[in-house]
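Worksheet: one structure, shown below.
Along the sequence shown, residues are numbered consecutively beginning with 1.
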Amino acid sequence: MKKTVLLLIISFSLASCVDLFLDDDIDYPDTGEPATFYEINVGNSNYGFGNNIVETSLGELREDQSASFKIQAQNFKISELDRNPDTGEIIYTYQPKEGYVGEDYVEILAPTDKNGNEIFETKTYTFQINVSR
């Protein structure tokens, strides 16, 4: 009998918790971490396909740190990482190749440690790029 009562209590407890986990109205706190997934929509300009250039910031890194490609885009005229010398900000620049319409994909590795610790950790930034007319 005790096992049955205990089982019923546990079942009701779990059932009430499920509603909490499925509630989309909960405002979860911002962790302050930068986004790691980006969706970029690139329209083509009036001058022809593949003329629009998109730039996205990966944030500031120390002078001795840099980002690198884990997976490079496949359909690009420009797909590069540059550092703004004034701010230390890493900028990803993308321009589709001439006449290309479709999807492209990029993964970029960037260090997460900004405090000079000897443990080197990286974060992967993922870019889903949609090129349209």
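Glu55 meets the salt bridge (Lys or Arg N to Asp or Glu O under 4.0 Å) test with no other residue; sequence neighbours excluded. Listed by chain and number, the residues in a side-chain contact (heavy atoms from CB on, under 4.5 Å) with Asn84 are Asp86, Thr87, Glu89 (sequence neighbours excluded). Residues satisfying the side-chain hydrogen bond (donor to acceptor under 3.5 Å, both in side chains) criterion with Asp82, sequence neighbours excluded, are absent altogether.
Separating the CD1 atom in Ile78 from the OH atom in Tyr94 is a distance of 10.5 Å, to the nearest 0.5 Å. Atom-to-atom distance recorded for Glu103:CD and Gln128:CD is 4.5 Å, nearest 0.5 angstrom. Note that CD of Gln65 is 11.5 Å distant from CD of Glu60, once rounded to the nearest 0.5 Å.
By the criterion of side-chain heavy atoms lying less than 4.5 angstrom apart, applied directly or through intervening Ile, Leu, Val, Met, Phe, Trp or Tyr residues, Leu81 is grouped together with Phe127 in one hydrophobic cluster.
With Tyr125 as reference, Leu58 is the one residue of Leu58, Ile90, Val106 to meet the side chain to side chain contact (heavy atoms under 4.5 Å, CB included) rule.
When hydrophobic residues (I, L, V, M, F, W, Y) are linked wherever their side-chain heavy atoms come within less than 4.5 Å, the members clustered with Ile71 are Tyr105. Through direct or relayed side-chain contacts under 4.5 Å between Ile, Leu, Val, Met, Phe, Trp and Tyr, Leu109 connects to no other residue.
Using modelled atom types, no side-chain atom of Gln72 and backbone atom of Lys70 make a donor-acceptor pair closer than 3.5 Å. Formation of a donor-acceptor pair under 3.5 Å by the Asp104 side chain with backbone atoms of Ile129 is not found in this model. Of the possible donor and acceptor atoms, none in the side chain of Glu107 sits under 3.5 Å from a partner among the backbone N and O of Thr124.
Side-chain contact between Val131 and Asn75: absent, with no pair of heavy atoms (C-beta onward) separated by less than 4.5 Å.
Relative orientation of the Phe69 and Tyr92 rings is perpendicular, given thresholds of 30° and 60° on the angle between their planes.
The two residues Ser132 and Val101 have their closest heavy-atom pair at CA-CG1, 4.2 Å.
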